[in-house]
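Here the structure is laid out as structure tokens; the discussion comes afterwards.
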Amino acid sequence: MSQSLSLQQLKEAAEQFGTPLYVYHAEKITEQYQKLQTAFSKSDVQIFYACKALTNINILQHVRSLGSNIDCSSINEVKLSLHAGFTPERILYTSNGIAFEEIEEAKDLGVHINIDSLSNLEKFGKKFGHSYPVGIRLRPNILAGGNLKISTGHDKSKFGIPVDQIEKIIALVTKYNLFIKDLHIHTGSEIKDVEVFVKGIEVLFDIIPRFQELEFIDLGGGFKVPYKDGDAETDIELLAAKVKEAFDKRPNPNGKSLQVWFEPGKFLVSECGYLITQVNVLKESTATVFAGVNSGFNHLIRPMFYDSYHRIKNISNPDGEEKKYSVVGNICETDTFAWDRKLNEVREGDYLVFYNAGAYGFEMSSNFNSRFKPAEILFKNGKMHLIRRRDTFDDLLKNQIEVL
Ligand SMILES: *Cc1c(COP(=O)(O)O)cnc(C)c1O
């Protein structure tokens, strides 16, 4: 049985803590993690939660308690992970275009590092030589993922060192006697077709023999989650089988078997999250009927940013007659969540819930229009915990310096 929160639980959260409100369900994260555990139980695979999807410290602690490792996109995420109790050997910093100083800081903290540019690789070699093992983030030149904005491995993407520059990489590795312990690729997000991962492995297999000290291969994240009823998620069992098959077919020529790392973000936390909003106004027009809610892309930017689909439910009137509404926000910019969506009859004051709001929801929120960021709630073991209070007016002024 798939874990989800009931309409009643969501309504209680909204009534107790007000809206807009982010609600997360710990047991759903556990369920997703266990799916990965089960699927990869026969392989030497490690999971690193890509925490940029959702970094509330309680979520990090819950993920840690499950036994997961963690993947970070900034030095501050590394520090949050340490704060959440991850030991350095369970933390991976996959960098992208960062200053060398941040790489040095990550090294001082003792975490795993994937370097994504020739210039930082050279600086690292000059300073640390063979003394500190690192990984290389490669760009495999594969186009995959749900939307161009979330594709990261294609031949025009900024991410990673293009794999066609392999000779330049090898030259640096040789010159500075670098200790390369992993090769990393992350092709994008919402990859349903497991063949994409196999293709990635094949790109890597061609160059693996050139690195003598490799310990693992990091295939990144990007597993797809379902957004609509009947939507498929990445078939993790099939992925596990395909990855095992690919590695069995091409054993590492130096005899050392390579561990495989994955960095799922969305897969672990997308479905655990709900954004509860309340309808401020209904507005009839010739084109559509607008249901204007007390939120906007300042709280959930995904629909406007990359056309993502979020299931919406009227939890205040779940048996009401179905009609079409366009759900929009209350900020002064176009912020359409859904156009002509069938919902149970909506009345002003009703609670509308957005599903799949755990990943890249709160995390990408802002104070645009000088509105407050929502509060966050965690349901765990049937109990509701406030894990971030709603902003207050003081938060808007917190870092401002009045000089006039
Ligand atoms: C964002 C990111 C991920 C996670 O992507 P999802 O689509 O959320 O699974 C994994 N690895 C890296 C390097 C990333 O930047």
Side-chain angles (χ1 to χ4, degrees), residues 4-5 7 10-11 14 19-23 53 145-151 188-192 224-233 266 269-369 371-374:
S4 62
L5 292 176
L7 302 191
L10 292 169
K11 217 153 86 182
T19 61
L21 184 70
Y22 271 101
V23 179
N147 176 306
L148 196 56
K149 285 184 191 155
I150 53 175
S151 295
S189 199
E190 313 210 340
I191 300 168
K192 192 172 80 182
K224 192 192 172 321
V225 295
Y227 288 93
K228 304 176 185 176
D229 288 335
D231 241 8
E233 68 181 16
K266 229 171 244 178
V269 298
S270 174
E271 293 162 277
C272 86
Y274 305 78
L275 171 62
I276 313 179
T277 65
Q278 201 163 11
V279 177
N280 283 341
V281 287
L282 283 173
K283 194 183 277 185
E284 306 234 1
S285 75
T286 43
T288 187
V289 180
F290 291 106
V293 298
N294 61 350
S295 186
F297 73 56
N298 49 329
H299 298 153
L300 181 65
I301 200 171
R302 301 185 71 254
M304 291 304 292
F305 193 31
Y306 25 60
D307 296 327
S308 67
Y309 180 97
H310 291 264
R311 200 151 58 83
I312 304 173
K313 196 153 179 64
N314 181 359
I315 60 171
S316 302
N317 192 19
D319 301 316
E321 186 192 341
E322 280 194 339
K323 296 181 179 176
K324 279 187 179 170
Y325 299 89
S326 293
V327 181
V328 294
N330 63 350
I331 56 172
C332 286
E333 280 275 346
T334 300
D335 59 348
T336 310
F337 289 114
W339 189 260
D340 277 346
R341 187 75 68 83
K342 256 194 206 153
L343 297 172
N344 298 109
E345 185 180 7
V346 176
R347 302 148 312 178
E348 291 184 354
D350 281 358
Y351 293 125
L352 298 191
V353 174
F354 294 77
Y355 289 77
N356 285 93
Y360 312 107
F362 183 90
E363 210 55 36
M364 290 177 122
S365 66
S366 75
N367 289 114
F368 186 47
N369 274 210
R371 294 224 169 254
F372 300 150
K373 288 196 192 183

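No hydrogens, no waters, no symmetry mates; every other heavy atom, side chains included, goes into these values. Index from 1, following the sequence.
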- prompt: Does E271 pair with K224 as a salt bridge, N-O distance under 4.0 Å?
  reply: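 Salt bridge flag = no for K224 with E271.
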query: Using 4.0 Å as the upper bound for N to carboxylate O, is an ion pair formed by D231 and K228?
result: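 Salt bridge between K228 and D231, a charged N being under 4.0 Å from a carboxylate O: no.
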Any donor-acceptor N/O pair, [X] side chain to [Y] backbone, under 3.5 Å:
{"X": "N298", "Y": "G296", "answer": "yes"}
{"X": "N369", "Y": "C332", "answer": "yes"}
{"X": "Y325", "Y": "K342", "answer": "no"}
{"X": "N356", "Y": "P226", "answer": "yes"}
{"X": "Y274", "Y": "L5", "answer": "yes"}

Is any side-chain heavy atom of [X] closer than 4.5 Å to a side-chain heavy atom of [Y]?
{"X": "R371", "Y": "N330", "answer": "yes"}
{"X": "N314", "Y": "Y351", "answer": "no"}
{"X": "N344", "Y": "D319", "answer": "no"}
{"X": "V289", "Y": "K323", "answer": "no"}
{"X": "W339", "Y": "F290", "answer": "yes"}
{"X": "K313", "Y": "L343", "answer": "no"}
{"X": "Y306", "Y": "Y360", "answer": "yes"}
{"X": "I312", "Y": "V353", "answer": "no"}

Would you please say whether a donor-acceptor pair under 3.5 Å links the side chains of [X] and [Y]?
{"X": "K266", "Y": "S189", "answer": "yes"}
{"X": "Y227", "Y": "E190", "answer": "yes"}
{"X": "N294", "Y": "N280", "answer": "no"}

message: Among T19, V293, L275, which residue satisfies the side chain to side chain contact (heavy atoms under 4.5 Å, CB included) criterion with L352?
response: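 The residue from T19, V293, L275 that satisfies side chain to side chain contact (heavy atoms under 4.5 Å, CB included) with L352 turns out to be V293.
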- prompt: Minimum heavy-atom separation for T336 to P303, with atom names?
  reply: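 The answer is O-CB, 3.9 Å.
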Atom of T277, atom of S295 and distance for their closest heavy-atom approach: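 Between these two residues, the closest heavy atoms are CG2-CB, 3.7 Å.
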For the [atom1] atom of [X] and the [atom2] atom of [Y], what is their distance to the nearest 0.5 Å?
{"X": "I315", "Y": "I276", "atom1": "CD1", "atom2": "CD1", "value": "5.0 Å"}
{"X": "M364", "Y": "F305", "atom1": "CE", "atom2": "CZ", "value": "5.0 Å"}
{"X": "H299", "Y": "F372", "atom1": "NE2", "atom2": "CZ", "value": "10.0 Å"}

task: For the pair F362 and K373, evaluate side-chain contact (heavy atoms from CB on, under 4.5 Å) and give the outcome as yes or no after the intermediate values.
output: CA-CA 8 Å; F362 183 90; K373 288 196 192 183; 3.9 Å; yes
- request: Check the pair V23 / L10 against side-chain contact (heavy atoms from CB on, under 4.5 Å), numbers first and verdict last.
  value: CA-CA 8 Å; V23 179; L10 292 169; 4.3 Å; yes
query: Could you go step by step and tell me if F354 and R302 meet the side-chain contact (heavy atoms from CB on, under 4.5 Å) rule?
result: CA-CA 11 Å; F354 294 77; R302 301 185 71 254; over 6 Å; no
message: Can you tell me if E322 has over 12 outside heavy atoms packed within less than 6.0 Å of its CD?
response: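 Atom CD in E322 is packed in, count exceeds 12.
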message: Run the side-chain contact (heavy atoms from CB on, under 4.5 Å) test on L300 and H310 for me, step by step, so that the C-alpha distance in whole Å, both residues' side-chain angles and the decisive distance to 0.1 Å come before the verdict.
response: CA-CA 10 Å; L300 181 65; H310 291 264; 4.2 Å; yes
- request: Go through S326 and T288 one step at a time and tell me if the side-chain hydrogen bond (donor to acceptor under 3.5 Å, both in side chains) criterion holds.
  value: CA-CA 7 Å; S326 293; T288 187; 2.8 Å; yes
message: Is there a ring-ring contact (aromatic ring centres under 6.0 Å, His included) between F297 and F337? Walk through the geometry before answering.
response: CA-CA 8 Å; F297 73 56; F337 289 114; 8.9 Å; no
